[in-house]
Amino acid sequence: MAPNPGKLILIAEPVHFGDTHVQVNSAFVALFRHIYAQHQLQLVAEKKHIEAIRANAGHRIGEISTRSFAAYSRPGLFYWPQKILGEWRQIFSIVRAARKSKPELLVWLCLFPTGHLLLQCLSRIYLRGQRQLIVLHGELEYLKPQQKSLADQFLHAVLKKALSGAGSRVSYFVLGESIKTNLLQYAARVAAQVCVVDHPYLYDAPVQAQRSGAPALRICTFGTLKRAKNTQLFFEMAGRFGAEIGEGKLSFTTIGKLSPDLQVYQSAAVRHYKPSEFIPQKEYEQEIRQYDLALFFYDNEAYSLTASGVLHECIRLGMPFLALQNDYFYALIRRHGAGALFHSVEDMESYIRSLLINADSQWANNFRASIFSFIQENSFLLQSEKLKKVLEHQGLYTV
């Protein structure tokens, strides 16, 4: 049945450009397209981000209309003013369009704290009866009271004000039960408006890495590479295997842009793939597939209010992973064991040494069997059914 042009779902992404956040956003857009099959869908986003979403989601997107804007911020002295004012301009434009078209649901895929506060102010004036859904991401980290810089303290106050001013017609999505539990420590007032959905992802049957014939165990890390995410521990781990690296038994590689605060930890034990630039998604995936094992060192301090895209990327690509214990990772893998969690770097080191002693590939096959099981239980259709139930519970799904 063709979409009914009289019923509109308006989806807005005023924050991210290009390939940034493309996996989660393309999954959300595809899922909303499937759930609201009889509605017209319109996506408003930066031009290259729309292109990336279409490329990533492919046929799952179906029929949607789009309205694009140009990227509004560049690195440099005026990055933050450009970022804040640019997002405000897009929010004004989207609110104006929503006031005119009156969509059944207005979905915000992401909002920076300053944009979030502006939206709440504008909604009281222009969108009083409008049902809205806001997806919350890593910006929730600003809610933690121990903010060091003046800028972070400002954003902490802004986000708390925005959440406290949320109208009754606004609902929130967080991407994990542990995130909701921790969020309500800082913003208990919005408890009834916060829903938990599993981090959406468009999983396909993973393609097994093509080995070059070299016997070395190839270890990598990727994602947000900075000290705040404990990436320095990857360098420490490599240092523990200096002799084995020298003997060609294993290798350590970072994939993606390195934060300047990691410069002091760099050594000959770790190789880097494009450490000074943002890697396009397809190239990123192709490079990750060359490795046997990924390591992550995020702890609960880093992931109490944040979902992790890197684990879902590992699962989608069939990549076994090892990580330090935290609530989000534990909740994700406890049923299937798609990865292994450790309480300390020492425990993880011991496990890697056991892999070097037992040189067969059975450990990898066991991980991949768990990954296939996870993907089967999180197919596109099952994800859409789960999301539909959450939308129905919040009164956001209508036909």
Side-chain angles (χ1 to χ4, degrees), residues 3 7-33 35-36 39-54 56-57 61-73 82-139 159 162-163 166-167 169-175 193 195 197 200 387 391 394 396-397:
K7 294 184 175 182
L8 173 66
I9 305 297
L10 180 58
I11 304 176
E13 169 53 280
V15 178
H16 293 105
F17 308 151
D19 283 348
T20 308
H21 262 218
V22 66
Q23 295 289 11
V24 64
N25 284 350
S26 58
F28 265 126
V29 173
L31 289 167
F32 275 107
R33 173 68 287 169
I35 294 168
Y36 292 95
H39 290 63
Q40 178 189 0
L41 254 71
Q42 183 178 57
L43 172 64
V44 182
E46 186 261 341
K47 181 180 180 181
K48 291 188 180 298
H49 193 64
I50 291 175
E51 294 173 357
I53 286 175
R54 286 193 179 278
N56 192 63
I61 288 288
E63 296 181 28
I64 63 169
S65 62
T66 61
R67 181 164 62 85
S68 66
F69 56 84
Y72 50 71
S73 62
Q82 289 175 346
K83 178 179 177 63
I84 293 172
L85 295 175
E87 184 191 13
W88 281 0
R89 180 182 178 186
Q90 297 309 320
I91 290 171
F92 271 114
S93 175
I94 294 162
V95 167
R96 186 168 59 247
R99 188 185 185 195
K100 181 178 180 181
S101 61
K102 294 180 173 57
E104 296 207 8
L105 181 63
L106 171 56
V107 180
W108 300 89
L109 295 177
C110 189
L111 289 168
F112 196 62
T114 46
H116 198 152
L117 181 59
L118 174 67
L119 175 65
Q120 303 299 25
C121 295
L122 293 176
S123 294
R124 295 192 196 100
I125 302 171
Y126 300 111
L127 300 176
R128 291 184 180 178
Q130 176 66 58
R131 291 308 307 257
Q132 297 186 69
L133 171 63
I134 302 172
V135 184
L136 299 173
H137 295 282
E139 70 278 0
L159 184 54
L163 289 170
R169 304 289 285 176
V170 175
S171 297
Y172 293 104
F173 274 1
V174 293
L175 307 184
Q193 296 165 265
C195 303
V197 296
L387 179 57
L391 292 167
Q394 287 297 108
L396 300 176
Y397 177 77

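Side-chain atoms are counted along with the backbone in the values below, which use heavy atoms only and exclude waters and symmetry mates.
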### Task
Go through S123 and Q130 one step at a time and tell me if the side chain to side chain contact (heavy atoms under 4.5 Å, CB included) criterion holds.
CA-CA 8 Å; S123 294; Q130 176 66 58; over 6 Å; no
### Message
In the structure I gave you, are the side-chain heavy atoms of V44 and I11 within less than 4.5 Å of one another anywhere?
### Response
no
#### Entry: From K102 atom NZ to L127 atom CG, the distance as rounded to the nearest 0.5 Å
9.5 Å
### Query
Are side-chain heavy atoms of I9 and R33 found at a separation under 4.5 Å?
no
#### Entry: V170 side chain near Q132 side chain, heavy-atom distance below 4.5 Å
yes
### Task
Output, in order, the C-alpha distance, side-chain angles, deciding distance and verdict of side chain to side chain contact (heavy atoms under 4.5 Å, CB included) for I91 and L111.
CA-CA 9 Å; I91 290 171; L111 289 168; 3.8 Å; yes
### Query
Roughly how far apart are L387 CG and F173 CZ, rounded to 0.5 Å?
5.0 Å
### Query
Can you tell if the side chain of V24 reaches within under 4.5 Å of the side chain of P200, non-hydrogen atoms only?
yes
### Reported OG1-to-CD distance for the pair T66 and E51, which is rounded to 0.5 angstrom
9.5 Å
### Message
Do F17 and F69 make a side-chain contact, defined as non-hydrogen atoms from C-beta onward lying under 4.5 Å apart?
### Response
yes
#### Entry: NZ/K83: more than 12 non-hydrogen atoms of other groups inside 6.0 Å
yes
### Summary
H49 meets the ring pair (Phe, Tyr, Trp, His ring centres under 6.0 Å) criterion, sequence neighbours left out, with none
### Task
Any chance you could measure S101, atom OG, to Q42, atom CD, to the nearest 0.5 Å?
7.0 Å
#### Entry: Spatial distance of atom CG (N25) from atom NE2 (H137) [nearest 0.5 Å]
6.0 Å
